Structures are given as structure tokens and as C-alpha cells.
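All remarks here apply to the structure that follows.
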Number of protein chains: 2
Amino acid sequence: MLLAQLQRPGASELISFLTEQLGQREALVQVAGEFEVLYSGRAASTADAGDFLLMIKGDGSLQLHSHRGVKPVNWQPQTDALDLSVEDGVAVLLSERRSPPEFVRVAFLEPVLAQSLRMQELTGFVLIGSEAEMQQSLARNPEVIEEGLTLLDREVPTGVGGIDLYARDAQGRLVVVELKRGKATQEAVHQLSRYVETVSAQVGEQVRGILAAPAVSRPALLQLERLGLEFREVSALPDSASDAPEQLPLFG
Amino acid sequence: MLLAQLQRPGASELISFLTEQLGQREALVQVAGEFEVLYSGRAASTADAGDFLLMIKGDGSLQLHSHRGVKPVNWQPQTDALDLSVEDGVAVLLSERRSPPEFVRVAFLEPVLAQSLRMQELTGFVLIGSEAEMQQSLARNPEVIEEGLTLLDREVPTGVGGIDLYARDAQGRLVVVELKRGKATQEAVHQLSRYVETVSAQVGEQVRGILAAPAVSRPALLQLERLGLEFREVSALPDSASDAPEQLPLFG
DNA sequence: GTTTCGATATCGGTT
DNA sequence: AACCGATGTCGAAAC
């Protein structure tokens, strides 16, 4: 992980540095200091001149961080063109994105630090506990949802969205299952209700609807009951994975 | 904007640095190098040891960036407790969040750089083109949606969500308006349809539903037509704000 | 604290 | 390229 760095660069010095470093695919380039930042595109934003940390990655993503929060103040998921210039003795960066048309402009009023890191690609990243994983697991073990449940299909398109799990219960009734990896809200109930209505109209028979999630909000549960739908508690993670780190093999 | 920095620190050196710097409220602290990162909480994740950039802000937010993307690989919006230690000669950071219970653990296998920046609070940030702004504007000028429209209320709770704009048309019919600041999808149509159904059942009369957005997806438009609902094109931004930066006063 | 909803959402997958 | 849905969504406002 190589590193190049400048402290308190002048305008033209900063421009040279950025021109050189931003050409490199693996570089993560940062500039910190007092900037003036503008954004215009899907929306538009301005702010007083102040302290920012600019980060540009090798894939063309750009983000400007302020003193707080995980989310950057301004950003671009993709930069298609970068323009560097000096205006009135101040280095200026203009980042352009073609689709949607968007621009971020940074005037480096007082750059304190500019640096570049070589970042190797991230490998072996694994996320446990996604809804996709939960769906796979329940597809293999539908009895976790209900004894006697037989899986018919997954991700069934209905014309108004895809049904997560489509099954038949012990009494032979059709069952539509909507999964949520987190606490289910009214929105999930609406989704389920929409699927049940659609399928019911298509097949011309009674269809059960089950919302399967680790928890439900109170309003969602009330709505479920009003609509004659059901809730089943299903945890997204295997028990061990939600333990404290001291008890986790991961952290051993 | 003060700055403290260490290059290629040893484990205990890094621990001392972090202990000192993380105590300061205004500090934005970064460590770059080869790490091993683990996360466990609502979900869980692992990855191979590799290059990361750790950023911890004064508000307790933490993020770990990889070589690409705006989104960090791992993060914590809030850190309630930080623990620093040395394990087998390697500096280790454990960040804990109480609610929901979550942990991020970073083992600094080969720290290349550690630095701290004093970041002043962001001031004067203004975002133009939010849905809230669009709603205000349309509430003042409902004729933009339709000639003869009279506003009755905004953000009306229905038991299944809030209606953006509630109005009466020239013929005296009730109108439910759903706003979207971007291209409207099937989800927006579904939301609108729910509101129209609910209001219609409550008042016992025919209710019109209008989806007002700068654009609508084709499937969403078809669905609107099937349900007897309407679409009105309404731009989120004043025309000038979506111009190219050369033409923008903002960028002059 | 819980719930809801907007977001320049981002991101990935599928059509 | 458009579209759809999940996200460890985050974040703020309303209750």
C-alpha cells in the first residue's frame, strides 16, 4: 500500500498532485481542508465554506465528508469526467456525471492535506443474514414457518411484484409468504395483501397470506389482523451469529 | 484544522494515538492499512484481510472503506463504546453499539497511516429540490397540478400512511395526490391506490387519485391506467437548477 | 423509544 | 438502458 502525500499544498501544486494520482486506477485519493462545495443534479445543494474531507476512489466514486455522520454531505457514485483548474489562485475540481447529469464542484480554499493510497481489491467479503439467504434457508425448511407446509415456488412474478415464497399448507390451501429480514412494517403488510388479492383473483380460491419476519411493528400487526393475514416469527440470523462478540467464534 | 499523523505505527504506538485522538470531540480520525474486519449485529459479515481505510468521526460514527463504492464495507452510525487492545502484537479496535446491539471489530494487521483532523461543524447547508419543498410549492399553487383544484389538507393520516396532498377538484370531487421527487415506480402507484381505497371507503364517495412526479416508469403508468388513476408531470427542481454548471449562477 | 417516510438514496440483479 | 426491490439502508420528524 503505497502512499504519496502533500501538506498545505499551493493551488498549482495540488492540481499537479491530483492530476497525477487520479490517473491511477487503484488509487484512493483524499484532500482535507477548508473548501467550498456545490452540487447540482437530481437536486442541488450549497453550504458555507468550511472543513471537508474529499475522497475519490479508483472506480470514480467521490464523496465529501463533514464533521459528522456516516453519510457524506455530497457525493457522486460515478464520475465520468473530472476537470481541474485554478481560479483566482484557488484550485477547483469539477466532477461530472453523465447519467443522470450531475455535477459536484469543490473549491480548495485552504487545502491542508492531500494524499493517495493504493488500495487492493476487497476479497472474500461475505454477508450473513440477508433476505436472500433467509429465503434460501426457509425454502429448504418450510416447516420452520409452519408444520406441513410444502414449497411450490420462489420469487413468483404476479404482475404487481414477486412473491417470496409460494406454498401449500397441510390442508391443501395455497399460501403466499412475504419475508422481511428486519422488523416488518405496514408496507410489508400492504405488499402481502396485494399478492394475496392478486393470486386469489387468478386462481379463484381462498389464499392464505403469511408475513414471516423476526418482528412486526404494532400497527402492522393490527393491519394484518384486520385483513385476515398471519404473522410468523422467523429470525434472520442463526442464533449464534447474534450473540455478543465474546461468545462468537468469529471474534475468537 | 490541526493535524496529527503517524506513519507505519507499531501496535502500542497506534493504540496510544487512537486513545488520545478519539477522546477529542471535534476529531476526525483515520487509519489506513491492511486490516481484518468483522461485523456482527442485525446481520454479520467477514472478509479476507486486506486494504481498508477506517474513519471515525467526533459524533461516534464509524466507517470502513474499501477500494470502491460510495458505501463503506462496514460501518456504525453510532458507537457507544470503543475498546482498544493489543492481541498477539496486533492492535485491535472493537466498536460497540447498544441499540440495535452491533459490533465492528478491526484488527490493524499492518497500519500504514494514522491521522487526526479537527473538523469544524458544517454550516449553511441548503438542499434544493426535496419532496418537502415540492409539496410546499404545490400546496401554494395547486393549479399547477390541475386547473380549479382546491387544497384541503397536507400530510393527512389515513391509518395506512399519510396523504401528501388532499384536495377537491372543479367538479367538487375529492382528490388524493401522491408526490414523488423522482421517477415514480409501481410502488408509488400502489401507495396511491391504497390511499384512494381507504379514503373512498371512509367518505363513501368516488375519490380521484393523482400521481404527481417529474416522470413515471412505463409499468407504473400501465398500472395507473388499469386502476383508473391519473398521472401529472410536475418537475421537482426549478428549471434553472437543473442546468449545466456553466449556466448556473451557483457555479459562477 | 417507536414508527414512518424521504433520499441526489446506493447497489445489485434482471429484463 | 430501464426497472425493481433489498438495504446491517441512514436520518429526521412525528407521535
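Only a predicted model underlies this, so the values are computations on that prediction, with no experimental measurement involved. Numbered from 1 within each chain, the chains take letters A, B, ... in sequence-line order.
Nearest-nucleotide assignment on DNA chain C puts the 5′-proximal partner with A:S217, out of A:S217 and A:K71. Toward the 5' end of DNA chain C, the nearer of the two residues A:Q186 and B:R68, judged by each one's closest nucleotide, is A:Q186. Each of B:V216 and B:P157 was assigned the nucleotide of DNA chain D with the nearest heavy atom; the assignment lying further toward the 5' end belongs to B:V216. With the nearest nucleotide of DNA chain D identified for both B:N74 and B:R218, B:R218 has the one nearer the 5' end.
In this pair, B:H65 and A:H65 present their aromatic rings perpendicular. The plane angle is above 60°, beyond the 30 to 60° band.
For A:P219, the side-chain atoms get nearest to C:dT4 when compared with the rest of C:dT4, D:dT9, D:dC3. Among the nucleotides C:dT10, D:dG8, C:dT8, the one closest to the side chain of A:L127 is D:dG8. Nearest to the side-chain atoms of A:P77 among the listed nucleotides D:dA2, C:dC11, D:dG8 stands C:dC11.
Here, C:dT4 and C:dT8 have their P atoms 22 Å apart, quoted to the whole Å. For the C1' atoms, the distance from C:dC11 to C:dA7 is 14 Å, rounded to whole Å. Of the C1' atoms belonging to C:dG6 and C:dT10, the separation is 14 Å, rounded to the nearest Å.
Residue A:E102 is classed as a base contact, given a heavy-atom separation below 4.0 Å to a base. Nucleic acid contact for B:P100: none, since no nucleic acid atom lies under 4.0 Å from a heavy atom of the residue. Within the nucleic acid shown, B:Q76 comes within 4.0 Å of at least one base atom, counting heavy atoms only. Using a 4.0 Å heavy-atom criterion, one finds that A:G182 contacts no nucleic acid atom at all. Within the nucleic acid shown, A:S130 comes within 4.0 Å of sugar-phosphate atoms alone, with no base atom in reach, counting heavy atoms only. The residue B:R97 sits close to a base: some heavy atom pair falls under 4.0 Å.
Within a 6.0 Å radius of CZ in A:R25, no more than 12 heavy atoms belonging to other residues, nucleotides or ligands are found.
One atom, CD of B:Q191, and another, P of C:dG6, lie 6 Å apart when rounded to the nearest Å.
Regarding contacts with the backbone of C:dA9, a side-chain N or O of B:R181 is found under 4.0 angstrom from either OP1 or OP2.
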